[in-house]
Enquirer: 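Handing you a structure now.
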Amino acid sequence: MTLFLLGAILALLWAPTAQAEVLLQPDFNAEKFSGLWYVVSMASDCKVFLGKKDHLSMSTRAVRPTEEGGLHVHMEFPGADGCNQVDAEYLKVGSKGHFRVPALGYLDVRIVDTDYSSFAVLYIYKELEGALSTMVQLYSRTQDVSPQALKAFQDFYPTLGLSDDMMVMLPKSDACSPESKEAP
């Protein structure tokens, strides 16, 4: 009986830090996912994000598949000094649509939902400054997101324990011009 109680107590203590079970987009197609995306909204419990979310602007992702089944992602973020750029390799983990990005501290990245032509919802479990956190990003092919895409995003992030005050709709920015932008 004592062993059972100890096991139950340990399970309760461990449960809040356990990673959520998040499903993947069925039959994810990296070729159809490639191209230019705008990050139009995000929700996260990351303390760094929460402290900066009201000062963030829309960023872009230029995506292309790799031969190994991963994705090469060219990111552009508006900053005080213009457009900041980062290239990252999303390494395939198991199933299609499931990645990790060691260079960014992303331990688990999943394409949760996409129609490929207008929106995508991404789940990211990451480590930043020694703390683990969950982030959900809403991608759009244009700077104006559809109501259906926004609904998919808003229906999903609360299932991970993220609240509305942890979410931001990102304002448009011209700092990183999208003209003639394609995945490198």
Enquirer: Quick check: closest heavy atoms across Tyr157 and Ala43, and the distance to 0.1 Å?
Expert: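 That would be CG-CB, 3.8 Å.
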Enquirer: So how far is it from His98 NE2 to Phe28 CZ, rounded to the nearest 0.5 Å?
Expert: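 Reported to 0.5 Å precision, the distance equals 12.0 Å.
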Enquirer: Find out whether Leu132 and Leu107 are in side-chain contact, i.e. whether some heavy atom of one side chain is under 4.5 Å from a heavy atom of the other.
Expert: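 Yes - at least one pair of side-chain heavy atoms lies under 4.5 Å apart.
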Enquirer: Among pairs that include at least one residue of residues 41-55, which meet side chain to side chain donor-acceptor pair (under 3.5 Å), considering only residues two or more places apart or in two chains?
Expert: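 Matches after skipping sequence neighbours: none remain.
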Enquirer: Under a 4.5 Å cut-off applied to non-hydrogen side-chain atoms, are Phe156 and Val22 in contact?
Expert: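 Yes, their side chains come closer than 4.5 Å.
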Enquirer: Kindly compute the distance separating CH2 (Trp37) from OG (Ser140), expressed to the nearest 0.5 Å.
Expert: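 Going from CH2 on Trp37 over to OG on Ser140, the span is 7.5 Å.
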Enquirer: Are Val168 and Leu160 connected in the hydrophobic side-chain network, where two residues link if heavy atoms are under 4.5 Å apart?
Expert: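 Same cluster.
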Enquirer: Look up atom OG in Ser34 and atom NE2 in His72, then write down how far apart they are to the nearest 0.5 Å.
Expert: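 With rounding to 0.5 Å, OG (Ser34) is 12.5 Å from NE2 (His72).
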Enquirer: If you define the side chain from C-beta out and look only at heavy atoms, does anything of Lys126 sit under 4.5 Å from Leu104?
Expert: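 In short, these two side chains do not touch, never coming nearer than 4.5 Å.
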Enquirer: So how far is it from Leu24 CG to Asp113 CG, rounded to the nearest 0.5 Å?
Expert: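 Between Leu24 CG and Asp113 CG, I get 11.5 Å after rounding to 0.5 Å.
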Enquirer: Below 30° counts as parallel, above 60° as perpendicular, anything between as tilted: where do the rings of Tyr123 and Tyr125 land?
Expert: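 Rings of Tyr123 and Tyr125: parallel, under 30°.
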Enquirer: Output the distance between atom CG (Leu128) and atom CE (Met135), rounded to the nearest 0.5 Å.
Expert: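 Between Leu128 CG and Met135 CE, I get 9.0 Å after rounding to 0.5 Å.
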Enquirer: In chain order, what residues pass the side chain to side chain contact (heavy atoms under 4.5 Å, CB included) check against Ser146, with sequence neighbours excluded?
Expert: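 Partners of Ser146 by the side chain to side chain contact (heavy atoms under 4.5 Å, CB included) criterion, ordered by chain and then number, come out as Gln148, Ala149.
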Enquirer: Is there side-chain contact between Gln25 and Val121, with at least one heavy-atom pair below 4.5 Å?
Expert: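 Gln25 does not reach Val121 side chain to side chain.
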Enquirer: Look up atom OG1 in Thr142 and atom NZ in Lys172, then write down how far apart they are to the nearest 0.5 Å.
Expert: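 Spacing of OG1 (Thr142) from NZ (Lys172) equals 8.0 Å.
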Enquirer: Taking all non-hydrogen atoms of both residues into account, name the closest pair between Arg61 and Gln137 and its distance.
Expert: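 Smallest interatomic distance, heavy atoms only, reads NH2-NE2, 3.9 Å.
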Enquirer: Which residues satisfy the ring pair (Phe, Tyr, Trp, His ring centres under 6.0 Å) test with Tyr116, sequence neighbours excluded?
Expert: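 Ring pair (Phe, Tyr, Trp, His ring centres under 6.0 Å) list for Tyr116, sorted by chain: empty.
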Enquirer: Using side-chain contact (heavy atoms from CB on, under 4.5 Å), reason through Val145 and Tyr38 one step at a time and then give a plain yes or no.
Expert: CA-CA 9 Å; Val145 66; Tyr38 293 88; over 6 Å; no
Enquirer: Do Phe33 and Leu71 have side chains that get closer than 4.5 Å, going by heavy atoms?
Expert: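 The answer is yes; the side chains approach within 4.5 Å.
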Enquirer: Which residues pass the ring pair (Phe, Tyr, Trp, His ring centres under 6.0 Å) test with Phe99, not counting sequence neighbours?
Expert: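 Result, ring pair (Phe, Tyr, Trp, His ring centres under 6.0 Å) vs Phe99: none returned.
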Enquirer: Where do Ala88 and Met75 come nearest, in terms of heavy atoms and distance?
Expert: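 So the minimum-distance heavy-atom pair works out to CB-CE, 3.4 Å.
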Enquirer: Does Val40 form a side-chain contact (heavy atoms from CB on, under 4.5 Å) with Tyr139? I'd like the steps, not just the answer.
Expert: CA-CA 6 Å; Val40 296; Tyr139 285 16; over 6 Å; no
Enquirer: For Ser57 and Pro78, which heavy atoms make the closest approach, and how far apart are they?
Expert: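 That closest heavy-atom pairing would be CB-CG, 3.9 Å.
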Enquirer: Judged by atom type as modelled, is there a donor-acceptor pair below 3.5 Å linking the side chain of Thr114 to the main-chain atoms of Phe119?
Expert: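 Yes, because the side chain of Thr114 sits within donor-acceptor range (under 3.5 Å) of the backbone of Phe119.
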Enquirer: Taking all non-hydrogen atoms of both residues into account, name the closest pair between Lys96 and Lys92 and its distance.
Expert: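 Lys96 and Lys92 have their closest heavy atoms at N-CE, 4.0 Å.
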Enquirer: For Asp165, give me all partners under salt bridge (Lys or Arg N to Asp or Glu O under 4.0 Å), at least two apart in sequence or on another chain.
Expert: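 Here no residue qualifies.
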Enquirer: Are any side-chain N or O atoms of Arg110 and backbone N or O atoms of Ile124, one a donor and one an acceptor, separated by less than 3.5 Å?
Expert: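 No, Arg110 side chain to Ile124 backbone: no donor-acceptor pair under 3.5 Å.
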Enquirer: Verify the cluster assignment for Met42 and Val48: are they in a single hydrophobic cluster under the rule of side-chain heavy atoms below 4.5 Å apart?
Expert: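 Different clusters.
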Enquirer: Mind checking what makes side chain to side chain contact (heavy atoms under 4.5 Å, CB included) contact with Pro102, not counting sequence neighbours?
Expert: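 Pro102 satisfies side chain to side chain contact (heavy atoms under 4.5 Å, CB included) with Leu91, Arg100 only.
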Enquirer: For Met58 and Leu170, work out which heavy atoms get closest and say how close.
Expert: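 Smallest heavy-atom distance, with atoms named: CE-O, 3.4 Å.
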Enquirer: Examine Leu50 and Phe153 and state if one hydrophobic cluster contains both, with Ile, Leu, Val, Met, Phe, Trp and Tyr joined whenever side-chain heavy atoms are less than 4.5 Å apart.
Expert: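 Yes: a chain of side-chain contacts under 4.5 Å links Leu50 to Phe153.
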